[in-house]
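Okay, so here's the structure we're looking at.
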Amino acid sequence: MLQLQVLRQNPEVVKGRLIVKHFAETQIVDTIIALDDERKKLQLDFDNNQAKVNSTSKEIGGLMAKGQKEQAEAKKQEVAALKSTLQPIIEKLAIVEKQLQEELVKLPNLPSPIVPIGKTPAENVVVREGGIKPTLPAGSVPHWDLIKKYDIVDFETGAKITGSGFALFKGQGAKLQRSLIQYFLDFNTAAGYTEYHPPFMVNEASAYGTGQLPDKEGQMYFIQEDKFYMIPTSEVPVTNIYRDVMVKEENLPIRMTAYSPCFRREAGSFGKDVRGLNRVHQFEKVELVQIVHPDKSYEVLDEMVTHVEKLLNTLELPYRILRLCGGDMSFASALTYDFEVYSAAQEKWLEVSSVSNFESFQSNRMKIRYKDSNGKSQLVHTLNGSSLALPRIIACLLENNQTPGEINLPPVLHNYFRDSSIS
RNA sequence: GGAGAGGUGCCUGAGUGGCCGAAAGGGCCGGUUUGCUAAACCGUUGUACGGACUUAAAUCUGUACCGAGGGUUCGAAUCCCUCCCUCUCCGCCA
């Protein structure tokens with residue numbers, strides 16, 4: 001959620017930035033300011049009337065104590081009259097506040113100045129590429145064939161147990177997944193991130209805090225009975241650890257990492273992109289979350305990108321880093337870098353990580369603040385990134401490292417997997 | 001799931017209808033005293049949204065907030081209802 005103050009101060013600047021995100025309804029900015037003006041007026045009106053009610057009520061108390069009943073009764077009528085004029089103001093105020101809030105949450109975060117202009121993924125900017133694209137031996141096949149050949153992931157049985165898009169990992173496949181999770185967490189904690197293991201379901205307030213609600217409820221699995229949402233990423237529970245918390249400035253930055261399964265309905269996703277492990281309803285991911293001083297967030301964003309890049313390098317996968325254009329960024333992000341790994345058998349780039357700076361967009365909703373040196377409350381900045389999402393990493397590891405008789409794993413995994421290959 | 005006890009400021013904890021934004025103690029911050037430190041003493045110490053004044057800050061001022069939301073009342077931390085959470089016991093259970 002954007003800060004009202006920012007909107008009021010620079011409405012035209014805000015509108016200009018919204019255009020970069022391909023958000024056309026910039027008149028909402030004017031609507032919001034008008035609603036806020038009205039809100040202020042009503043608030044003042046209410047405060048003044050309520051002040052009279054309060055002071056008169058006190059007088060009644062005094063009169064009652066002295067036994068001056070008649071005068072007290074007269075005052076009571078005065079209060080009753082005041083309250084009847086107050087009632088419509090209260091109702092109006094509630095409506096205006098609700099409208100204001102509804103309009104405010106419609107606005108996406110403003111893109112940072114370095115966000116490329118563009119509407120579609122084709123206009124994302126490749127920042128750099130790394131690793132070496134392998135030359136596969138003759139007869140190489142995509143991962144959906146490899147998982148059958150080595151019997152390590154079973155989609156048919158997953159569909160039988162739950163439904164389409166739910167993978168059943170088996171044998172060396174299950175072990176590979178576990179090894180990767182363990183490795184990623186170790187890699188992150190070695191870099192100073194504190195490991196968390198959060199709840200995998202969240203309440204409405206948490207889903208709202210990170211921006212999943214309102215609007216994206218259709219993308220989350222929902223437990224009607226208890227009104228809980230299955231998390232689409234551990235970003236949600238982990239960032240919400242600090243919801244409504246006044247953080248000590250000297251404790252910044254706060255660096256957290258967590259593994260969790262991620263549940264996504266992926267409503268509306270069709271086509272060949274969804275084949276095999278490319279898109280599933282439940283996948284495993286290790287996430288990074290940072291809560292930082294606002295002056296430091298872009299520095300930290302670069303640092304997180306470098307961190308994820310190092311991790312990918314250790315896996316010896318070919319990758320590229322994209323700076324997302326305005327039209328391809330998420331609602332809440334101010335600047336996002338996507339990591340894609342090259343799937344040699346599919347001859348396709350697959351997204352495996354997305355690292356974003358949300359500036360104060362999330363912290364404004366969640367009221368994550370610190371006190372600055374003047375004793376004033378300031379919003380922190382939040383960032384997060386995947387390190388990494390597993391299914392597509394597994395797909396690439398399988399495809400890129402296949403030989404006619406086995407799949408070789410990068411050396412960094414040998415200890416975790418307790419073997420050097422899948423056969 | 002059942003029964004009971006609770007949820008008050010940074011912390012402990014008092015407060016059963018007006019004098020309570022809230023006692024007391026602790027902590028924190030500022031000051032005095034003091035070779036230094038400690039101790040003692042004095043003072044200050046919440047958040048949000050408004051308004052006045054101001055270039056601004058400071059200051060003054062109004063309203064709201066004692067788990068959340070409703071209700072009763074001229075007036076609610078206090079009474080009533082619903083919900084959430086914590087603790088104890090029972091039940092069930094990996």
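In the text below, chain A, chain B and the rest are named by the order of the sequence lines, each starting its count at 1. A quick note: this is a predicted structure, and the numbers were derived from the prediction, not measured.
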Next on the checklist: The test is side chain to side chain donor-acceptor pair (under 3.5 Å); show your working for A:Tyr370 and A:His293 and say whether it passes.
Outcome noted: CA-CA 9 Å; A:Tyr370 69 95; A:His293 192 284; 3.2 Å; yes

Next on the checklist: Please determine whether side chain to side chain donor-acceptor pair (under 3.5 Å) holds for the pair A:Gln87 and A:Ser84, giving the CA-CA distance in whole Å, both sets of side-chain angles, and the decisive distance to 0.1 Å.
Outcome noted: CA-CA 5 Å; A:Gln87 195 52 39; A:Ser84 65; over 6 Å; no

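For A:Glu266 and A:Arg279, the salt-bridge test passes: some basic side-chain N is under 4.0 Å from an acidic carboxylate O. Using a cutoff of 4.0 Å between basic side-chain nitrogens and carboxylate oxygens, A:Lys15 and A:Glu12 are scored as salt-bridged. Between A:Glu250 and A:Lys248 no salt bridge is recorded (no basic side-chain N to carboxylate O distance below 4.0 Å). A salt bridge links A:Lys98 with A:Glu102; the closest basic N to acidic carboxylate O contact falls under 4.0 Å.
Of the C1' atoms belonging to B:C87 and B:C80, the separation is 25 Å, rounded to the nearest Å. Going from the P atom of B:A23 to that of B:C66 covers 16 Å, rounded to whole Å. B:A76 and B:C11: their C1' atoms are spaced 26 Å apart (whole Å). B:C81 and B:G6 are spaced 15 Å apart, taking the P atom of each and rounding to whole Å. B:G75 sits 23 Å from B:U82 when the P atoms are compared, rounded to a whole Å. Only the C1' atoms considered, B:U45 is 16 Å distant from B:A24, to the nearest whole Å. One P atom belongs to B:G71, the other to B:C19, and the distance between them is 23 Å to the nearest Å. B:G46 sits 23 Å from B:G31 when the C1' atoms are compared, rounded to a whole Å.
At a cut-off of 3.5 Å, with distance as the only test, no side-chain donor of A:Thr189 or A:Glu195 sits close to an acceptor on the other residue.
Under the side chain to side chain donor-acceptor pair (under 3.5 Å) criterion, A:Lys119 pairs with no residue at all, not counting sequence neighbours. For A:Asp47, the side chain to side chain donor-acceptor pair (under 3.5 Å) criterion is met by A:Gln43, not counting sequence neighbours.
Nucleotides of RNA chain B with any atom under 4.0 Å from a heavy atom of chain A span, from 5' to 3', B:G18 to B:G75.
With the 3.5 Å cutoff on both pairing distances, Watson-Crick and G-U pairs in RNA chain B assemble into runs of at least 3 at B:1-7 with B:84-90, B:10-12 with B:24-26, B:29-32 with B:40-43, B:46-52 with B:59-65, B:67-71 with B:79-83.
Within 4.0 Å of A:Thr56, counting heavy atoms only, lies no atom of the nucleic acid at all. When heavy atoms are screened at a 4.0 angstrom cut-off, A:Lys75 is found touching no nucleic acid atom at all. At the heavy-atom level, A:Lys371 lies under 4.0 Å from the strands shown only through sugar-phosphate atoms.
Contact check of residues 47-54 of chain A against RNA chain B (heavy atom, cut-off under 4.0 Å) returns A:Asp47, A:Gln50, A:Ala51, A:Asn54.
Judged as a side-chain hydrogen bond (donor to acceptor under 3.5 Å, both in side chains), the pairs with a partner in residues 69-82 of chain A (not counting sequence neighbours) are, in order, A:Glu59-A:Lys75.
Of the options A:Leu312, A:Asn188, A:Val355, a side-chain contact (heavy atoms from CB on, under 4.5 Å) to A:Ser387 is made by A:Asn188 and by none of the others.
Residue-to-nucleotide proximity on RNA chain B shows that, of A:Lys40 and A:Lys58, the 5′-proximal contact is made by A:Lys58. A residue-by-residue look at A:Phe228 and A:Phe46 shows that A:Phe46 has its nearest nucleotide of RNA chain B further toward the 5' end.
A heavy-atom distance below 4.5 Å is not found between the side chains of A:Gln219 and A:Pro232.
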